[in-house]
Amino acid sequence: MSVDYTLNTGPHGAPLIDYQTLLNVEQYAAVSARPGPLLVIAGAGSGKTRTLTYRVAFLVEHGVAPENILLLTFTNKAAKEMLRRVGELLPHDMSRLWGGTFHHVGHRLIRRHADLLGLAPNFNILDRDDSKELVGACLAESAVDPKDKKFPKAEVLLDIYSLAANTERSVGQVLESHYPYFAEHVGPINALAGAYVARKRATGGVDYDDLLTLTVRLLKTHPDLLASYQRKFQHILVDEYQDTNKIQADLIDLLAAGHHQVMVVGDDAQSIYSWRGANFENIMSFPDRHPGTQIIRIETNYRSTPEILDLANVTISQNTRQFPKELRAVKGSGVKPALVSLEDSYRQAQFVAQRVLELREEGLELGDIAVLYRSHFHSMELQMELTRRNIPFQITSGLRFFEQAHIKDLAAYVRFALNPSDEVSFKRIATMLPGVGGKTARKAWEAIASGAAWERVKVPAKAEKSWRQWGETHRQLLEQRDTATPGHQLQLVLDAVYEDFLKERFANYSNRMEDLHQLIQFANGFKDTAEFLAQLSLMTNLEAEQGKGVSYADHEALKLSSIHQAKGLEWKAVFVIMLCDGLFPSNRAVENADGEEEERRLFYVAVTRAQQELYLLYPQIRSNANYGETWQKPSRFLSDFPRELCNVWTIKTKQPWE
């Protein structure tokens, strides 16, 4: 099936929109492209949203009814914004256009045809808490030993099942690639997946992932229905295509199979979410799956200076698997990016804080400045330095470092050992034990406070093993509290009891372990445990006061963010910190060539967030929780570009690899 354009003209026989005047040459080529498969490689800062908006308007103005267009985005807000803009361009009712997230569209289809899936028309959608409760119920009724601390909890099971659904892989494959420490439990984890599905159906519910999996199943098993939607959606437009996972790509391919009139817009150089299921192969293999694909590159960048783009272009050119592109700046020349080498992470933090204040004196607002990092724990020293200097900052990558639950959890063990009258720390630890809630924790505390021996305190049967293990760890901490360093005590707790808790309770176990190792490194700077805990409390209270008690306008606070969460954003000045091999790129990510290329794309995303000034920082020395101070090799990405592309600010320190 093919749809030809028939121009709907204005009262004087001309189009309502002068596309060639309003768009640059590249954008216009994408907007006015002939019907058929179209892959638009839209570089960073190139006006991707504008291109999609005008493409919708172009289709409508050239005879395509809004109800025959499907616009798929990653947020409903993005779809609504595009349709709002189209409505301002054309006097058409755009409410009939199908637009929204993949899950939103999937829900509409399932709701219309619930009977074909064996669902009641009034099926309910389970939220995360609902799903967790159902998995928990299945777990409680299973043969899994509730005392088994090495079996994942309900929340982690949900993440395993979700990743399997979205990547269309088996639970066993997901365990092997993402959760190898649970691989021995593949049998019962699989069985629980089946029990969870049965329980969902028995309650008349579908979860978030079902909105995609059931939609694909519906279309695959009912060819007549699929054909009707292929006829209905004569044009399919997809935003941020590089972020799609396997099942999302399958849904697009199914609907477009009848006519291949599908336009996907994305940037392979910004594909950075494989860890949550996004599939880089979707965008790379699109021309193979849709023969005759026209590829259009949009390379005019409206965001950054030529100096920043020169560095970005050279860096990303090192990747072998890509659609080659070269961003060209509209802005005039600016300052070269700065490559800054500092002695250690504390001096790195001091440099950033001082330079931020200088930029503020030069006229930038704090909200125009961002500090980006590969992992959340990379910002710990910086958060401390900003807090000490009373520089307001906002975290967009999660809670402030010392506010995080796992940081407080680990510290609670040492607090209670230092002060056995600390009821709050005792109860925090107690409620981590299986089957122990607030009431049981209170009774256990009353027994301990009255002098009862640890082994005589009554706890639920499922908590007995964990209770004894905590008791032994507590005894060791008491013996060492006057001799062992706080870092050593934290490591003892982590090895003895807390690492197992992390694995079973949190899906992002590896990231949290990195945070805890950073906390131990911080603790190694103190000889006295009481002083360490006092400093920790001070930092936590300052964070709470600054982060919760005070509300800053966007322009009044420095932005701190992981690079993953900064994608799509931009600032006048950007600092990228901790550019050391093993940290960025991370050791885990560079175990294979694909991982290294994704890390380079992540670096490219960080660099292209900057509008005017870019600072690339790496500390030469890093304190390690297990090995003391170690030399750091600069990130391999800093070798991707010639030094004449940047201004090098260096502390003259002999480096062992030179």
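Everything numeric here is computed off the predicted structure, so don't read it as measured data. These numbers come from the heavy atoms of this one structure, side chains and all, not from hydrogens, waters or symmetry mates.
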State the CG-OG distance between D640 and S635, to the nearest 0.5 angstrom. 7.5 Å
Parallel, tilted or perpendicular, judged at 30° and 60°: which one describes the rings of F575 and Y615? parallel
Flag for S285-E281: side-chain donor and acceptor within less than 3.5 Å: no
E514 bridged to R374 by N-O distance under 4.0 Å: no
Do E597 side-chain atoms and T320 backbone N/O form a donor-acceptor pair below 3.5 Å? yes
Examine the side chains of Q350 and E381 and answer whether a donor and an acceptor come within less than 3.5 Å of each other. no
Is the closest basic N to carboxylate O distance between E307 and K331 below 4.0 Å? no
In this structure, are over 12 heavy atoms from other groups packed under 6.0 Å from E176 atom CD? no
What pairs of residues pass the ring-ring contact (aromatic ring centres under 6.0 Å, His included) test when at least one of them lies in residues 586-607, not counting sequence neighbours? F603-F637
Is it the case that the side chains of E598 and S271 hold a donor-acceptor pair, with the cut-off being a distance below 3.5 Å and no angle test? no
Is the charged tip of R601 near the ring of F280: under 6.0 Å from the six-membered ring centre and within 45° of its axis? yes
Polar side chain donor-acceptor pair, Y346 to E385, under 3.5 angstrom: no
Evaluate whether atom CZ of R360 has more than 12 neighbouring non-hydrogen atoms of other residues, nucleotides or ligands under 6.0 angstrom away. no
Taking atom CD of Q491 and atom CD1 of I520, what is their separation to the nearest 0.5 Å? 4.0 Å
Could you state the interatomic distance from CZ (F377) to CD (Q518), rounded to the nearest 0.5 Å? 5.5 Å
Quick check: does any side chain N or O of Q348 sit under 3.5 Å from a backbone N or O of I577, one acting as donor and the other as acceptor? no
Assess whether a salt bridge exists between R636 and E599, defined as any Lys/Arg side-chain N lying under 4.0 Å from an Asp/Glu carboxylate O. no
Which value, rounded to the nearest 0.5 Å, describes the distance between Q632 atom CD and I621 atom CD1? 9.5 Å
Do the charged groups of E299 and R328 touch, with an N to O distance under 4.0 Å? yes
Contact between L579 and F584 at the side-chain level, heavy atoms closer than 4.5 Å - yes or no? yes
Using a strict 4.0 Å threshold on nitrogen-to-oxygen distance, state whether R321 and D268 make a salt bridge. no
Roughly how far apart are D594 CG and N319 CG, rounded to 0.5 Å? 10.0 Å
Do F501 and Y498 make the cut of ring centroids closer than 6.0 angstrom? yes
When you check the gap from the basic side-chain N to the acidic O, do D267 and K48 get nearer than 4.0 Å? no
Any chance you could lay out the salt bridge (Lys or Arg N to Asp or Glu O under 4.0 Å) test for D344 and R347, step after step, and finish with the verdict? CA-CA 5 Å; D344 55 30; R347 285 171 176 79; 2.9 Å; yes
Would you please classify the geometry between the Y179 ring and the F182 ring as parallel, tilted or perpendicular, with 30° and 60° separating the classes? parallel
Any sub-3.5 Å donor-acceptor pair from N301's side-chain atoms to A44's backbone N or O? yes
Which distance, rounded to the nearest 0.5 Å, do you find between the OG1 of T387 and the CG of L382? 9.0 Å
Donor-acceptor contact present, side-chain H564 to main-chain Y273, <3.5 Å: no
Is the shortest distance from a Lys or Arg side-chain nitrogen in E81 or K77 to a carboxylate oxygen in the other one below 4.0 Å? no
What I want to check is whether the side chains of E240 and Q242 have a donor and an acceptor closer together than 3.5 Å. yes
Salt-bridge criterion met for D159 and R128 (N-O under 4.0 Å): yes
